[in-house]
Amino acid sequence: VLIQLVAFASQLFVAGILSPEDVGRIKIITTFLSVFSIIGGMGLNASTLKLCSENRSEAETKELFGSGVVFTVVSTVVFYVLALVLNSLGFLSSDTIIRRLMPMGLFPLITNSAFMVLVSYFQATKQIRILSRITVANKLIAIVAIILLTWWFGINGYYVAYNLSFIVMFFVGFRLLRKDFAFSKNRESVKRNFKTHLIYAKPSLLSNLLSEISAYADIFVINYLLKDMKEIGYYSFALTLTVALRVFPFTVQQMAAPYFSGLSSDRNYFVQVFKKYNRQLYLVVGVSLLLAVLAGPFLIRIIFAGKYDPSIPFFVLLSVGWSIRLLNQLQSAAIFGLGKIRYNVWSSFISLIFNIFIYVLFVHWYGAIGAAWASIPAGIVMTLTSALFLRKAIRE
C-alpha cells in the first residue's frame, strides 16, 4: 500500500510539472509497456508463482525459479527488439514524440519482467517481509529521482529515472536470491523445465494478455481514434488518479494467490475463506469509491489550481467503472489458485470482445467522455463473467 501511495503521489507531482499532452503520452506508452510485458514475459512469472508455491523438493524449486528468470530475460529481449521495429514503422502511434520516447519507455519490458519473476518467487516462498523492504526502499528513492529529473529535464528525465529504478530493483532482488537461483544448461533439463513452466505459463499468458488489453481498451481506442492530445491527456490524468482505488484490491490479490493455491484441496474451507475476504473487499471498494467521488473533484481543483479541472468528469465516471471492475480481483485469484487458469482466459476473452465493441462505439459517438461512460458497463461485464466462471471452478 505504501509503494502504491508513494507512486501515486509521484504521478501527481509529475502531472503538475508536465503538460497534459505529455501526461497523455506517458499513459499511452505505459499501456503499450503493460501489454508488451505480458507477451514478452510469456506468463513465466505466473508459472513461477504456481510451481514454486507447490510442495516440491528444494532443488526442484530452485531450478524452476532459475529457469523462469533465464527464459524471461531471453524472451523479453527478443520481443523488445520486435517492439522497436514496430515503433519505427509507425504501427504504435502517429505522434512523433511518442515514437521518439518508445525505446526508453519500453525498456522496462526486460528489467521489470525479470523482476516480476523474482517477486513471484518471494510470494511463492512467502518471503513477503523481505520483498516489502527492498521494494519500499527502492521505490522511495525512485520517486525522488523521478520528480527531480522530470523537473530538470521534462519527460526525458522522467524516463531516465523510471528505467534506473527498475534496473536497481532487479539487481538488488537478484542479489538477495542468488542462493536460490539454479539453472542447468543441460539440454534435457532445459526442455523439461520449459515444458513444466508452459503448463501454467501458456494459459496465464493468454489470460493476462486478454485481461490487460480488456482493462486498457479505452487507451488503445482513443490513441487510434482521437487526435486531440490535450483531451487524451485530461482523460489519462483522470485514469491515473483511479490508481488510488486499486491499491488495496491489487495488494490483496498478490497476497491471496499463493494461499488459495495451498487451500485448493479443501473445497469447503476454500469457499469459507474466499467469502470472508471477498466481503471485506466489497466493503473497502465501496468506501473508497464514496471517498473518491466526494473528495476527488475538490482536491483536483485545489491541488492543481484549475490546470486539470477538465479531468473531473472523466474521474467521476472512471472511478465508478474501475470500482466495479476491482470487485473481480479475488475472484480471478481464486480461479488461479484452483488451477483453472483457462477460466480466467475465457472470462478475459469475453470481456475483451465486449470492451472493444463498446469503447469503439462510445468513443466514435461521444469522444473521450464516451470512453469514461463505457468503463461502467465494461466493469459490470468483467466482474459478472469472472463470478460465473469461479462458481463453475468451485463445482468442479
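Because only heavy atoms are used, hydrogens play no part in the values below, and waters and symmetry mates are left out as well, while side chains stay in. Along the sequence shown, the residues carry numbers beginning at 1. Treat the numbers as computed from the prediction; the structure is a model and nothing was measured.
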Following the transitive rule for hydrophobic clusters with a side-chain heavy-atom cut-off under 4.5 Å over Ile, Leu, Val, Met, Phe, Trp and Tyr, establish whether [X] and [Y] coincide in one cluster.
X      : Y      : answer
Ile300 : Leu294 : no
Leu291 : Leu12  : no
Phe91  : Ile28  : yes
Tyr282 : Leu388 : no

Counting neighbours of [atom1] on [X] that are heavy atoms of other residues, nucleotides or ligands and sit closer than 6.0 Å, is the number greater than 12?
X      : atom1 : result
Lys202 : NZ    : no
Phe304 : CZ    : yes
Tyr224 : OH    : yes
Arg391 : CZ    : no

Would you sort out whether Leu64 and Glu60 count as a side-chain contact (heavy atoms from CB on, under 4.5 Å), showing the intermediate values?
CA-CA 6 Å; Leu64 286 168; Glu60 188 179 7; 4.1 Å; yes
Parallel, tilted or perpendicular: which one describes the rings of Tyr308 and Phe237, with boundaries at 30° and 60°?
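Ring orientation, 0 to 90° scale: parallel.
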Under 30°, 30 to 60°, or over 60°: which ring-plane class applies to Phe166 and Tyr162, parallel, tilted or perpendicular?
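Phe166 and Tyr162: perpendicular rings.
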Can Ile219 and Ser236 be said to form a side-chain contact (heavy atoms from CB on, under 4.5 Å), step by step?
CA-CA 8 Å; Ile219 294 295; Ser236 299; 4.3 Å; yes
Treating Asn193 as the side-chain partner and Ser189 as the backbone partner, does any N or O pair qualify as donor plus acceptor under 3.5 Å?
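Confirmed, Asn193 side chain pairs with Ser189 backbone.
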Pair Phe354-Thr385, side-chain contact (heavy atoms from CB on, under 4.5 Å): steps then yes or no:
CA-CA 11 Å; Phe354 179 79; Thr385 305; over 6 Å; no
Closest heavy-atom pair and its distance - Ala142, Ser165:
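The pair with the smallest heavy-atom distance is CB-CB, 3.3 Å.
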Ignoring hydrogens, what is the shortest heavy-atom contact between Arg325 and Ser375? Give both atom names and the distance.
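Minimum heavy-atom contact is NH2-O, 4.2 Å.
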Without hydrogens or angle criteria, can the side chains of Asn186 and Arg192 be said to hold a donor-acceptor pair below 3.5 Å?
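The criterion, which ignores hydrogens and geometry beyond distance, is not satisfied for Arg192 and Asn186.
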Indicate whether the side chain of Tyr235 and that of Asp218 have a donor and an acceptor atom separated by less than 3.5 Å.
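The criterion, which ignores hydrogens and geometry beyond distance, is satisfied for Asp218 and Tyr235.
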Steps toward side-chain contact (heavy atoms from CB on, under 4.5 Å) verdict (Leu118, Phe174):
CA-CA 7 Å; Leu118 306 188; Phe174 186 76; 4.2 Å; yes
Identify the residue among Tyr121, Phe122, Phe183, Phe71 that makes a ring pair (Phe, Tyr, Trp, His ring centres under 6.0 Å) with Phe65.
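Looking at Tyr121, Phe122, Phe183, Phe71, the match for Phe65 under the ring pair (Phe, Tyr, Trp, His ring centres under 6.0 Å) is Tyr121.
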So that I know where these two stand, are Phe153 and Tyr158 an aromatic pair - ring centroids less than 6.0 Å apart?
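No, they do not, as the ring centres are separated by 6.0 Å or more.
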Pairing of Glu396 and Lys392 as salt bridge, 4.0 angstrom limit
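Salt bridge between Glu396 and Lys392, a charged N being under 4.0 Å from a carboxylate O: yes.
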With Asn344, which residues qualify under side chain to side chain contact (heavy atoms under 4.5 Å, CB included), at least two apart?
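Testing Asn344 for side chain to side chain contact (heavy atoms under 4.5 Å, CB included), a comparison that skips the adjacent residues, returns Ser207, Ser332, Ile335, Phe336.
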Side-chain touch Ile350/Phe389, heavy atoms, less than 4.5 angstrom:
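Of all side-chain heavy-atom pairs linking Phe389 with Ile350, at least one is under 4.5 Å.
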